[in-house]
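Contents: one structure, followed by commentary.
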Amino acid sequence: MRLPWRGPQLDGMRMADDPFDAESEPLQGLPSVVARDDVDEAEWLRRMRHSAAHVLAQVVLEMFPEGKIAIGPPIDTGFYYDFDLPRPLTPEDLSEIQKRMRKEIGRNHRFIWEEITVAEARTRFADQPFKQELIDQFSLDSDRLGICTHAGFTDLCRGGHVESTRQIGPLRLTNVAGAYWRGDEQRPQLQRVYGALFATREELDAHFARIEEAQRRDHRRLGRELELFAFDELVGAGVPLLLPDGAIVRQEMERLIRELQDARGYQEVWTGHLARGELFRRSGHLENYSDVMYPAMHEHNEDGEDGDAYFLKPMNCPVHMTLYNNTLHSYRELPLRYAEYTTLYRFEKSGQLSGLTRVRSLTQDDCHIFITPDQITDEVSRVLELVQTLFETYGMPNFRYELSLPGEGGKFVDDADAWSFAVRALRDALDAAGIDYVEQQGEAAFYGPKADLFVSDVMGREWQLSTIQLDLIQPARLGCVYVADDGERRTPVVIHRAIHGSFERFMGILIEHYAGAFPLWLAPKQARCIPIADRHQDWANDVAAELRAAGLRVDVDDGNERMQAKIRNGQRRKIPYLLVIGDREVESKSAAVRVRTGEDLGAMPLDQIRDMLTRLKVSRVSEPV
RNA sequence: GCCGGCGUAGCUCAGUGGUAGAGCAACGGUUUCGUAAACCGUAGGCCGAGGGUUCGAAUCCCCCCGCCGGCUCCA
């Protein structure tokens, strides 16, 4: 099934199934109204949520008799209903609606479901244009349609209810948001009222507690608290500014991917930030992606007219292919792997920007791999291994793959043979690697299919990180060739791939993954010496100097606060190791080691501390031990 | 980009037409302390920007910018 609700979107907001698919409800072939014991817990919860949506619609129509109703499905954490109302709903309206809903629920109205003819439905919902549109659609499959009535309110509905309103669990209306009718930007924007609903009060409370906990891990908040990065409207929206500590994290990420790629035959190139418009015209990007490219910059001609157009690069591929053309290549040189870490610029719409996860200046760990067609499976497997290694290093096991295929519509290059070859090759490589994936029609790049890796952020939004894309189109457009073993010139296949995706987005995800408590190798400050009194400062400085000489990031808290306060500050800064130094440690040339977890390892000789921290750093283990 | 909410000190927030506030952080001093907050003091603001209403605007109106939540989009 095509999932229209992918991308950066709250898990909790995602629909349980497609409300526009007449086939998909009620589940389990069950009657539209059932008793509690007839269904399992999950189905009962879905029914409570869907029933609550009916009550919501009832109440809203009572308050706004001229309002138009759209759809009201259950979602992972509750329900919503879309309305077209004469005025925007205010937070006060929301409280009023909630109050009325609880009152109606208390009246214990029964849900009565019945089937009527299409003609009856049309009459019945004569003043409801959205329902008329649904009737148009559903009547293609069936000449009878379901309606559900409670408290004198009737909704077009496939069913899926509890018996009566008192069976509906505890709920709270959470927010109102704009939502396009049928998810189509070209169609009217409706007001969507979201509600949270769980089977018990405890689960409802736990839901909101989870949201609060998630907010504490939010990378935007931690980025400010830990002084990792900042945004400033004077510099520009969507342009992340890394503070010294954030820059260290990024340098460590770059260091890691360079090491991994150097060991796998990658070669780093560097191609700057600008390229002529003609390049992007030939590659096809200007035609397909000009809306996310920053507007053209023009050279100044002597006569004052605009000269050649230049663009900030939104991606590297056409430049790398041009670079490939710098010399003639033999099949013996392939695979040729051009890696680059240069910042790219994409004009993301203002409403899309989100901390580090969606920015306008982003730095991919990009690479274009030039191969022969029969090297596809093998090379994709190598890339998959690299992805696996990277995510293991970060200790991030929770990701999923998507295989994005072409669909109908103009953007996909018209070359059926190339597409079917590329899709088959990519699918084979994924299967060979034993990777689970979901196929998505119509999500491919314009030049080829891709396998993308998705990870959820702490708020439940999914973000694409790694991507592996097969391109059988652009190399031909840009005239890339290699000399095959028979002496013929052939067009190489190009794999576009990024492993972190962008360092910016990945750092945002990492901050949340670790809740700001980076493993030692990534931590901006790896240890801090805490002298208990001023007379301990000399040894504390010596300890720090020795550790720094071993390549560790260590400082000394020489303020005049009490040790307890210094520990508290270090702990809140999430520094992996605090080295407390008092009389005993000065005497024995040691430091008392306190782990970030709160564990006290006691006094350890300096050599032993240095060896331990060095080992942690070099091995890049995820959890300090 | 669209709908809604929000923008007051570095951070978290109070202040709804009449002289800008608190806590924490910062800074100065005192204290020299054994595993998550010592004490005293000082400073800190074009109340996001611009325009308007008013005798008077943080407060009301308009417009812009930014942030947050959705929607749509995402090479």
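Computed from a predicted model, the values in this text were never measured in an experiment. Chain identifiers are assigned alphabetically (A, B, ...) following the order of the sequence lines, protein sequences preceding nucleic acid strands; residue numbering begins at 1 within each chain.
B:G4 atom C1' lies 11 Å from atom CG of A:Leu94, rounded to whole Å. Nucleotide B:C74 holds its P atom 22 Å from the CG atom of A:Leu356, rounded to whole Å. Rounded to an integer number of Å, the gap from CZ of A:Arg216 to P of B:U12 is 15 Å. What separates OH of A:Tyr447 from P of B:C74 is a distance of 13 Å, to the nearest Å. Spacing between atom CZ of A:Arg461 and atom P of B:C68 amounts to 8 Å, rounded to whole angstrom units. Spacing between atom CD1 of A:Ile532 and atom P of B:U32 amounts to 15 Å, rounded to whole angstrom units. Distance CZ (A:Phe446) to P (B:C74): 13 Å, rounded to an integer number of Å. Distance, A:Glu233 CD to B:C65 P: 11 Å, rounded to whole Å.
Nearest heavy-atom pair, A:Ser456 versus A:Glu462, reported as atom, atom and distance to 0.1 Å: OG-CG, 3.5 Å.
Toward the 5' end of RNA chain B, the nearer of the two residues A:Gln469 and A:Gln564, judged by each one's closest nucleotide, is A:Gln564. Between A:Leu353 and A:Phe347, the residue anchored closer to the 5' end of RNA chain B is A:Phe347, taking for each the nucleotide with the nearest heavy atom.
Here B:U35 sits opposite no nucleotide as a Watson-Crick or G-U wobble pair (both hydrogen-bonding atom distances under 3.5 Å). Using Watson-Crick or G-U wobble geometry with both donor-acceptor distances under 3.5 Å, B:G56 finds no partner in any strand shown. Pairing partner, B:U16: none, since no Watson-Crick or wobble contact has both distances short of 3.5 Å. Base-pair partner of B:C71: B:G1 (Watson-Crick or G-U wobble, both distances under 3.5 Å). In a base pair of the Watson-Crick type (N1 to N3 plus N6-O4 or O6-N4) or a G-U wobble (N1-O2 and O6-N3), with each distance short of 3.5 Å, B:G7 is matched with B:C65. Base pairing of B:G45: no nucleotide in any strand meets the Watson-Crick or G-U wobble criterion (both distances under 3.5 Å).
Going from the P atom of B:G28 to that of B:G21 covers 25 Å, rounded to whole Å. Remark: the separation of the C1' atoms in B:U35 and B:U42 is 31 Å, to the nearest Å. The P atoms of B:U16 and B:G69 are separated by 28 Å, rounded to the nearest whole Å. Distance check on atom P: B:C3 versus B:U12 gives 28 Å, rounded to whole Å. The P atoms of B:G15 and B:U8 are separated by 14 Å, rounded to the nearest whole Å. Rounded to whole Å, the separation between the C1' atoms of B:G52 and B:A14 comes to 28 Å. Taking the C1' atoms as reference points, B:A38 lies 11 Å from B:U32, given to the whole Å. Spacing of C1' atoms, B:A43 relative to B:G5, comes out at 35 Å, to the nearest Å.
The aromatic rings of A:His285 and A:Phe446 sit perpendicular to each other, their planes meeting at more than 60°, with 30° as the lower class boundary. By the 30° and 60° cut-offs, the orientation of the rings of A:Tyr338 relative to A:Phe370 is perpendicular. Between A:Phe83 and A:Tyr81, the ring planes are parallel. Angles under 30° get that label, and only those over 60° would be called perpendicular.
Within 3.5 Å, a donor on the side chain of A:Gln189 pairs with an acceptor on the base of B:C2, or the reverse. A donor-acceptor contact under 3.5 Å is formed by the side chain of A:Asn560 with the base of B:U30. Checked by distance alone, A:Arg568 brings a side-chain donor or acceptor within 3.5 Å of a matching partner on the base of B:A37. Counting distance only, with no hydrogens placed and no angle test, the side-chain atoms of A:Gln352 and the base atoms of B:C73 include a donor-acceptor pair under 3.5 Å. Checked by distance alone, A:Tyr80 brings no side-chain donor or acceptor within 3.5 Å of a matching partner on the base of B:G70.
Taking side-chain N and O atoms only, A:Arg221 has no distance below 4.0 Å to OP1 or OP2 of B:C11. Distances shorter than 4.0 Å separate some side-chain N or O of A:Arg224 from OP1 or OP2 on B:U12. Close to B:A37, at under 4.0 Å from its OP1 or OP2, lies no side-chain N or O of A:Arg572. One finds a side-chain N or O of A:Arg594 lying less than 4.0 angstrom from the OP1 or OP2 phosphate oxygen of B:A36.
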Exercise for review: Assess whether side chain to side chain donor-acceptor pair (under 3.5 Å) is satisfied between A:Trp181 and A:Asp82, documenting all intermediate values.
Suggested key: CA-CA 8 Å; A:Trp181 169 235; A:Asp82 287 346; over 6 Å; no

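Residue contacts shown for A:Pro314 include a base, since a base heavy atom lies under 4.0 Å away. Residue A:Asp583 is classed as a base contact, given a heavy-atom separation below 4.0 Å to a base. Backbone-only engagement by A:Lys450 is indicated by non-hydrogen atom pairs under 4.0 Å involving sugar-phosphate atoms exclusively.
Taking only side-chain atoms of A:Arg562, from C-beta outward, the nucleotide of B:G69, B:G34, B:C33 with the closest atom is B:C33. Closest to the side chain of A:Arg220, from the set B:C68, B:G5, B:G66, is B:C68. Nearest to the side-chain atoms of A:Arg358 among the listed nucleotides B:U32, B:U35, B:C74 stands B:C74. Among B:G34, B:G1, B:G70, the nucleotide with an atom closest to any side-chain atom of A:Tyr194 is B:G70. Across B:G70, B:A36, B:C67, the shortest atom-to-atom separation from the side chain of A:Ala237 is found for B:C67. Closest contact between the side chain of A:Arg535 and the listed nucleotides B:U32, B:U72, B:G66 involves B:U32. Comparing B:G34, B:A37, B:A36 by their closest approach to the side chain of A:Glu585 singles out B:G34.
Residues satisfying the salt bridge (charged side-chain N to carboxylate O under 4.0 Å, His left out) criterion with A:Arg281, sequence neighbours excluded, are A:Glu278.
Using a 4.0 Å cut-off between a side-chain N of Lys or Arg and a carboxylate O of Asp or Glu, A:Lys450 and A:Glu443 do not qualify as a salt bridge.
The only option from A:Thr467, A:Asp471, A:Asn316 that meets the side-chain hydrogen bond (donor to acceptor under 3.5 Å, both in side chains) definition with A:His496 turns out to be A:Asp471.
Here A:Tyr345 and A:Tyr294 keep their ring centres 6.0 angstrom or further from each other.
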